[in-house]
Amino acid sequence: ISKFHDTYPFDGLLIDINEIANFEDGNSTLKKEKESVMSKFINPPYSINNQGFKAPLNTKALAVHAVHYGDVLEYDAHNLYGLSETIATSKALEKIIGKRSFVISRSTFPGSGG
């Protein structure tokens, strides 16, 4: 960021496409007895406009029922990756410009607006 700022001074940054992605549809091996329990995460009761046609949440993403360290489901942690990247970018930019930075992120999570 510092080298870029030396060439093109700026006060803010846009972080785009900063979610963990998978160019295949997310999938993981589940035991048959857990499939029905996990289907609520793959196809939740609400429908979002994923991929422009209300595709399942694991379309072009990690499997939403993948398990992270500490038994945290990807379903619950998906946008934390983007939040942590936003926090790191904001801190780095503030160090470079010496004042409060302006960072917009496509991936948000509660508390992102800090």
Side-chain angles (χ1 to χ4, degrees):
I1 297 173
S2 183
K3 287 181 182 179
F4 187 72
H5 186 266
D6 289 345
T7 305
Y8 303 101
F10 55 87
D11 293 322
L13 290 171
L14 166 66
I15 306 173
D16 194 18
I17 311 174
N18 61 325
E19 296 176 341
I20 298 174
N22 181 4
F23 295 100
E24 298 291 328
D25 291 342
N27 200 356
S28 67
T29 305
L30 290 175
K31 292 181 179 177
K32 287 289 180 192
E33 62 270 12
K34 292 201 174 198
E35 262 182 29
S36 63
V37 174
M38 291 298 172
S39 69
K40 70 180 179 183
F41 295 110
I42 298 167
N43 294 299
Y46 57 86
S47 186
I48 63 170
N49 194 20
N50 189 16
Q51 299 292 313
F53 58 92
K54 299 188 185 206
L57 292 178
N58 64 345
T59 303
K60 304 292 185 225
L62 293 181
V64 293
H65 52 282
V67 180
H68 293 273
Y69 178 81
D71 291 329
V72 175
L73 286 175
E74 170 64 10
Y75 180 84
D76 297 320
H78 180 75
N79 289 12
L80 286 174
Y81 181 86
L83 174 63
S84 63
E85 187 177 68
T86 302
I87 291 169
T89 301
S90 182
K91 286 181 178 182
L93 185 55
E94 286 178 8
K95 187 175 180 180
I96 292 165
I97 64 176
K99 59 183 177 180
R100 186 173 182 183
S101 64
F102 182 71
V103 178
I104 298 174
S105 173
R106 181 185 225 188
S107 176
T108 59
F109 194 81
S112 295

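Sequence positions, counted from 1, serve as the residue numbers for this chain.
- Under a cut-off of 6.0 angstrom, the local environment of OH in Y81 is sparse, with at most 12 non-hydrogen atoms contributed by other residues, nucleotides or ligands.
- T86 contributes a side-chain N or O that, together with a main-chain N or O of G82, makes up a donor-acceptor pair within less than 3.5 Å.
- In this structure, I87 CD1 and L80 CG are separated by 9.0 Å, a value rounded to the nearest 0.5 Å.
- Separating the CD atom in E94 from the CZ atom in R100 is a distance of 7.5 Å, to the nearest 0.5 Å.
- Sorted by first and then second residue, the salt bridge (Lys or Arg N to Asp or Glu O under 4.0 Å) pairs involving residues 7-16 (not counting sequence neighbours) are D11-K99, D16-R106.
- Through direct or indirect side-chain contacts shorter than 4.5 Å among Ile, Leu, Val, Met, Phe, Trp and Tyr, I97 is connected to I1, F4, Y8, F10, L13, I15, L93, I96, V103.
- For the atom pair OG1 of T89 and CD1 of I104, the computed distance is 13.0 Å after rounding to the nearest 0.5 Å.
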